[in-house]
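Please read the structure below before turning to the comments.
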Amino acid sequence: MVTSRADTAPTTPDGPADVPTPDVQWGTAPLDVKLANVLGGRTAKAIEKAFGHRTVGEFLEHAPRRYAERGALTALDSLAIGEPVTIVAEVVEVRERTMRARRGSILEAKIGDGKGLLTLTFFNQGWRTKDLVPGARGVFAGKVGDYRGARQLAHPDYELFDRDDPRASADPESEEAMRWSRQPIPIYPATASLSSWQIAKAMGIVLDTLPDVADPIPASVRTRLDLVPFRKALEMLHRPEKVADFKRAQDALRYREAFVLQTALVQRRIAARATASVSRAAAPGGILERFDATLPFTLTDDQRAVGAEIAQDMAGTWPMHRLVQGEVGSGKTLVAIRAMLTVAESGGQSALIAPTEVLAAQHLRSIVKFLGPDLAAELRPVILTGSQSTDERRRALLAAASGGSRLVVGTHALLGDRVDFAELGLVVVDEQHRFGVEQREALRTKGTTPPHVLVLTATPIPRTVAMTVFGDLDVSTIQGMPSGRAGVETFTVGLAEHPGWESRIWTRMAEELADGRQAFVVCPAIDDAHGEDDGAPEPTADGGDPDGTPARKPATVLATAERMRTMPVLEGRRIEVLHGRMTAEEKDRVMTSFADGAVDVLVATTVIEVGVDVPNASMMAVLDADRFGVSQLHQLRGRIGRGQYAGVCLLVTHAEAETVSRERVDAVAASDDGFELARVDLELRREGDVLGERQSGGRSSLTLLRVVQHADVIIDAREEAERLLEHDPDLSGSPALRDALARRLDESDAAFLGKN
């Protein structure tokens, strides 16, 4: 038979090349067989170039992105415009003509079923005349369209019967024709040179010869959850007979994916706990107790609970690996300082790494302020950044290497080869999503014995995400907020539908300034040549947003500040800028002036996203807010409403209603729950590569599993993995699972898990 799909694209001018079917020596590990051994070198090379798949196992994980339903068989004399139909008919006439308005040709084939005629239309696919010849009979599927009063199917799916196929002369209502009409059509992720139907054909050849393969999921688990075996699931995923088939296949393969992944993460957690570390504990009357006695406020219940978890971890004989997540302003920094003081009591040092110099300097000021003059003199906190003078850098390096400073704060400069510590006992990573695994590992290995690791994030992570992405970390959550914060109200300013609202932004800001408050204005770029919107979605090829929003130049810091200085409503106000191209001294001068009240409005990029603490700031306007991610907008607005004055955040956007861009903005305006927004963010941006070094956004390494939607699957798989490894830590009794892990984790992924 000859088969076609609606989204076909020929690989050669003459049409799609046939896939060879050589004899295959499957051996004992069929999933590891090279794809070229099954499909031939030409096709295998095309698949590898398009998707990176080299083995049979990798190719079989190329799951259909959706399934098209052919619909009920329909007679030609009863077709309705716009309806999906499936027709058994015969090719009556074929002709190809040149298009007048543009280059190329149109192929038109008339088909009939004895009751009526219908036209099939194909653009620039003249090679189909080899298949669509008068007298050829088959099944055709597509959506009925109208062209100049005549019904047609544009680029339909079709299957032509071989001459000896009984369906070639079968009645349209025969059992065989009806069976075909019920089969879902797998639609695969495809490329211009490798179409979905070609992938389906290659997949069929692989499945036709693939022997049985062992299932890594224990039989008892499959029975409990009613999951079909692995080999059958592959068949039902790629060649379903009915809708229920591919749904059952997805259930089984999704659980397999979760089970293999969680087993890998639990293994790494077990391995981490087998490593020795120095026990760190606070003593009665020691530094930590003295520090707590000087605090002018009471710790929240969550801060106390998380502090107790950290203390218990660090008192153990293996390295702590704990993630502390909490809302913006929930007090994570204070929790980290208390952990650092616990290490200092035993003579150990702590290194706190921050993603920007502004944040590192803010941390140093906060630490010194919290410690007070006596403890600060005793512990000698220092800062190390890339823009320090030679003398400043030399003094900081000496303080770290000699042990004279027990609290070292810095940026990526801490990772340098010349940076040494006398006794590194704790690594604190602030805003972990800004650092790669290699960077964290470079700092951790500066300890003579493995130090404890504390990871902080103000981007809340749903439990299942934390279990999947940070599977070998213990997770603590600070949900309560310190008392005395007035909070923030957030509004979407949709200029697409209300262009006149722009003037109100600046009037509202002037009202806040008149009350003695201060304000932020955030822009996605510094100027027309320098962007700083790394949290925004990837643009499309023409510069527009992925959902089709037209491209437009983003608001810039320099132009916005200049324009604001000419506004009558802001006349006399002190307006300064802050962005990533300024020197450390310039940034520090501006931030100090803003914190002291000498600057009324700070126009900045996302350099102020984290760590900036100015309680008097009560308003923020985020221009072109649709260019930022959900979590990033939530972080930004956390800079206001930090004191006794209520904050107002205006998310200004030109994005049209009902676009993905606008959906992000509206979600932030509608909720101040960071955990709920994290779910929205993940649904819009996906999880990234949970095992490799891509940690957010972009292509996900997960095939069928979605960490938000399939929380129950992840939790169940995690529990099963823990039970299995408790009794069989080296998986000697589970060879299929051991092999699946080896395939799932290449060398770089395994190294990633070892460092995480």
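Heavy-atom basis, side chains included; hydrogens, waters and symmetry copies ignored. Given the structure is predicted, the values throughout are model-derived calculations rather than measurements.
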- Validation row: Ile575, Val603 side chains within 4.5 angstrom (heavy atoms): yes
- Return yes if some donor-acceptor pair links the side-chain N/O of Ser277 with the main-chain N/O of Pro450 below 3.5 Å, else return no. yes
- Item | Flag side-chain contact, heavy atom, 4.5 Å: Arg718 against Val266 | yes
- Task: If a pair satisfies salt bridge (Lys or Arg N to Asp or Glu O under 4.0 Å) and one of its residues is in residues 368-391, list it, with sequence neighbours excluded.
- Result: Arg290-Glu378, Asp391-Arg394
- Item | Glu511 atom CD, over 12 foreign heavy atoms within 6.0 Å | yes
- Message: For the CE atom of Met340 and the CG atom of Leu407, what is their distance to the nearest 0.5 Å?
- Response: 4.5 Å
- Side chains of Val622 and Val665 in contact at under 4.5 Å (non-hydrogen atoms): no
- From Ile353 atom CD1 to Leu384 atom CG, the distance as rounded to the nearest 0.5 Å: 10.0 Å
- Results of side chain to side chain contact (heavy atoms under 4.5 Å, CB included) for Glu576 - residues two or more places apart only: Val590, Val599, Leu602
- Query: Is a side-chain donor or acceptor of Ser279 paired with a backbone partner of Ala315 at a separation under 3.5 angstrom?
  - Reply: yes
- Query: With distance as the sole test, does Asp624 use its side chain to make a donor-acceptor pair with the main-chain N or O of Pro554 at under 3.5 Å?
  - Reply: no
- Message: Looking at every heavy atom in both Glu345 and Ala281, which two are closest together, and how far apart are they?
- Response: OE1-O, 4.2 Å
- Message: Taking Val557's backbone N and O only, do any of them form a donor-acceptor pair with Thr560's side chain (distance below 3.5 Å, no angle check)?
- Response: no
- Can you find a heavy atom in the side chain of Pro319 that is under 4.5 Å from one in the side chain of Val453? no
- Would you say the side chain of Asp474 lies within less than 4.5 Å of the side chain of Arg269, judging by non-hydrogen atoms? yes
- Presence of salt bridge, Glu423 and Arg280, under 4.0 angstrom: yes
- Message: My understanding is that only residues two or more places apart in sequence, or in another chain, count here; which of them pass side chain to side chain contact (heavy atoms under 4.5 Å, CB included) with Ala344?
- Response: Ile287, Leu379, Arg406
- Task: Say whether, by atom type as modelled, one donor and one acceptor occur between the side chain of Asn616 and the main chain of Gly516 under 3.5 angstrom.
- Result: yes
- Nearest heavy atoms of Thr477 and Val306, plus distance in Å: O-CG2, 3.8 Å
- Query: How about Met314 and Leu454: do any of their side-chain heavy atoms sit closer than 4.5 Å?
  - Reply: no
- Could you tell me which non-hydrogen atom of Arg393 sits nearest to which non-hydrogen atom of Ala413, and how far apart they are? NH1-CB, 4.0 Å
- Task: Show your reasoning for whether side-chain contact (heavy atoms from CB on, under 4.5 Å) applies to Val601 and Val521.
- Result: CA-CA 7 Å; Val601 183; Val521 176; 3.9 Å; yes
- Starting from the C-alpha separation in whole Å, work towards a yes-or-no answer on side-chain contact (heavy atoms from CB on, under 4.5 Å) for Phe628 and Thr606. CA-CA 10 Å; Phe628 301 95; Thr606 54; 3.4 Å; yes
- Query: CG/Leu456 to OG1/Thr333 distance, rounded to the nearest 0.5 angstrom?
  - Reply: 6.5 Å
- Message: Under a 3.5 Å distance rule, please check whether Gln349 uses its side chain to pair with a backbone N or O of Ala400 as donor and acceptor.
- Response: yes
- Check Glu357 against Gly386 and note the closest heavy-atom contact, atom names and distance. OE2-N, 3.7 Å
- So, Asp600 side chain and Arg574 main chain: donor-acceptor pair closer than 3.5 Å or not? yes
- Any side-chain heavy-atom pair from Leu578 and Phe594 closer than 4.5 angstrom? no
- Task: Write down the atom of Lys587, the atom of His579, and the distance for their closest heavy-atom approach.
- Result: CE-O, 3.4 Å
- Message: Is the shortest side-chain heavy-atom distance between Leu650 and Phe491 below 4.5 Å?
- Response: yes
- Considering only NZ, NE, NH1 and NH2 on the basic side and carboxylate oxygens on the acidic side, decide whether Arg304 and Asp292 come within less than 4.0 Å. no
- Task: To the nearest 0.5 Å, tell me how far Ile383 CD1 sits from Gln362 CD.
- Result: 10.5 Å
- Note on the structure: Heavy-atom nearest pair, Arg322 first then Asp313, reads NE-OD2, 2.6 Å
- Message: For the backbone of Val278 and the side chain of His452, can you confirm whether one donor and one acceptor N or O come within less than 3.5 Å of each other?
- Response: yes
- Item | Quiz item: cation-pi between Arg639 and Phe520, 6.0 Å / 45° | no
- Message: Distance check, rounded to the nearest 0.5 Å: Leu426 atom CG versus Thr342 atom OG1?
- Response: 9.0 Å
- Message: Main chain of Gly416, side chain of Arg418: is a donor-acceptor contact present, judged purely on distance under 3.5 Å?
- Response: no
- Task: Dump the intermediate steps for side-chain contact (heavy atoms from CB on, under 4.5 Å) on Tyr645 and Asp515, then the final yes or no.
- Result: CA-CA 10 Å; Tyr645 308 116; Asp515 288 337; over 6 Å; no
- Message: Treating Arg338 as the side-chain partner and Gln303 as the backbone partner, does any N or O pair qualify as donor plus acceptor under 3.5 Å?
- Response: no
- Message: If I take atom OG1 from residue Thr390 and atom CD from residue Gln388, how far apart are they, to the nearest 0.5 angstrom?
- Response: 10.0 Å
- Item | Candidate pair Leu334 and Leu299, rule side-chain contact (heavy atoms from CB on, under 4.5 Å), full reasoning | CA-CA 9 Å; Leu334 179 59; Leu299 295 175; 3.3 Å; yes
- Message: Please determine whether a side-chain nitrogen of the Lys or Arg among Glu585 and Arg589 lies less than 4.0 Å from a carboxylate oxygen of the Asp or Glu.
- Response: no
